[in-house]
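Taking it in order: structure first as structure tokens, then the write-up.
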Amino acid sequence: MSRWVFEELRGAAVRRDPKEAELFKTEQAEEDEYAGTDALVREVIQNSLDADDGDGQVRVRIAIHDPEDAPDADRLKHYFHRLRRPLQALGVEFARSGAPEQPCRFLVCEDFGTRGLEGNPLLFEDPTTNGHTPREDFYWFWRNIGRSGKTGDDLGRWGLGKTVYRAASRVRCMLGLTVRNSDRQRLLMGQTVLRLHCDNGQEYQPDGYW
């Protein structure tokens, strides 16, 4: 089963606690909230419009699911095992089962009529153009913050809009499932952005991947 992986903090690495989502605060947001509902809905819709597959209308569905729809306690324990200590430092309480004490409501954002996250899912550096612009949506979405591969008429170019997904989460994480038009491949990945933290005596960067 998959697990959370964080990069070790080494040598002269920059030490930072992420604050990007503060850019999306609105007047309706409470003091401890990263982003208001309007920012979340706007950015979700914009990302979907930018990924229009050109075959028809883009549809977006946003739904909040109740705890009875969540995974069982054993699966939640596995999901949160590596995150427990850094989340406790952020004020998230955990039950004896190993899952967060607060009931697990979750937000699902789906889109239809989009191309999916195309490109090489193993790419970890900027693609070489060689006179043309390759489509590397997976790379730009998951492995970049404040940088974007969007050009031309694409609505968002700053690479910050996607931070609202995890900003809407009390446990600061998200999972993303994509079905790509080109090869019908289904890919699942997760991301969490916490703070600098220690685990078994080693200090780690805030960003982690599932």
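From R170, atom CZ reaches atom SG of C104 across 11.0 Å, with rounding to the nearest 0.5 Å. L107 CG to M174 CE: the interatomic distance, rounded to the nearest 0.5 Å, is 12.0 Å. Taken to the nearest 0.5 Å, the CE atom of M189 stands 13.5 Å off from the CG atom of L177. A distance of 10.0 Å separates NE2 in H197 from CG in L9, rounded to the nearest 0.5 Å. A distance of 10.5 Å separates CD1 in I45 from CG in D111, rounded to the nearest 0.5 Å. Taken to the nearest 0.5 Å, the CZ atom of F141 stands 9.5 Å off from the OG1 atom of T178.
The minimum heavy-atom distance linking D52 with G113 is given by the pair OD1-O, 3.6 Å. Of all non-hydrogen atoms in L123 and Y139, the two that sit nearest each other are O-CD1, 3.5 Å. Contact between E203 and L196 at its shortest, heavy atoms only, is OE2-CB, 4.4 Å. Contact detail for R166 and V193: the closest heavy-atom pair is NE-CG2, 3.1 Å. Closest non-hydrogen pair, C173 versus L83, comes out as SG-CD1, 4.1 Å. Across all non-hydrogen atoms, the minimal contact from D126 to W140 is OD1-CH2, 3.8 Å.
Within 6.0 Å of the CZ atom in R184, the count of heavy atoms belonging to other residues, nucleotides or ligands exceeds 12. Atom CD of Q185 sits in a crowded spot, with more than 12 heavy atoms from other residues, nucleotides or ligands closer than 6.0 Å.
Under the 4.5 Å side-chain heavy-atom criterion for grouping Ile, Leu, Val, Met, Phe, Trp and Tyr, V171 is not connected to V5 through any hydrophobic cluster. Under a hydrophobic-cluster definition in which Ile, Leu, Val, Met, Phe, Trp and Tyr are linked whenever side-chain heavy atoms come within less than 4.5 Å, directly or via other members, V60 and I64 are assigned to the same cluster. In the hydrophobic clustering of ILVMFWY residues, with side-chain heavy atoms under 4.5 Å counting as a link, Y204 and W4 come out together. A continuous path of ILVMFWY side-chain contacts below 4.5 Å connects L187 to W142, so both sit in one hydrophobic cluster. Following chains of ILVMFWY side-chain contacts shorter than 4.5 Å, one cannot reach V108 starting from V164, and the two form parts of different hydrophobic clusters.
Ring pair F106/H65 is parallel by interplanar angle, where below 30° counts as parallel and above 60° as perpendicular.
Under the side chain to side chain donor-acceptor pair (under 3.5 Å) criterion, R186 pairs with no residue, sequence neighbours left out.
Side-chain atoms of R180 come within 3.5 Å of backbone N or O of L117 as a donor-acceptor pair. Side chain of E118 to main chain of S182: a donor-acceptor pair is present (N/O by atom type, distance under 3.5 Å, no hydrogens or angles). Side-chain N or O atoms of S169 include none that pairs as donor or acceptor with a backbone N or O of Y165 at under 3.5 Å. Checking side-chain atoms of D66 against main-chain N and O of E68 turns up no donor-acceptor pair under 3.5 Å.
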Which is it for V92 and F80 under the side chain to side chain contact (heavy atoms under 4.5 Å, CB included) test, yes or no, and what are the steps along the way? CA-CA 11 Å; V92 177; F80 285 100; over 6 Å; no

D199/F6 under side chain to side chain contact (heavy atoms under 4.5 Å, CB included): CA gap, chis, key distance, verdict: CA-CA 10 Å; D199 188 70; F6 292 83; over 6 Å; no

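Here W210 and H78 bring their ring centres to under 6.0 angstrom of each other.
Classification of R16 and D207 as a salt-bridged pair holds, one side-chain N sitting under 4.0 Å from a carboxylate O.
Counting only heavy atoms from C-beta outward, the side chains of R143 and E136 never approach each other to under 4.5 Å.
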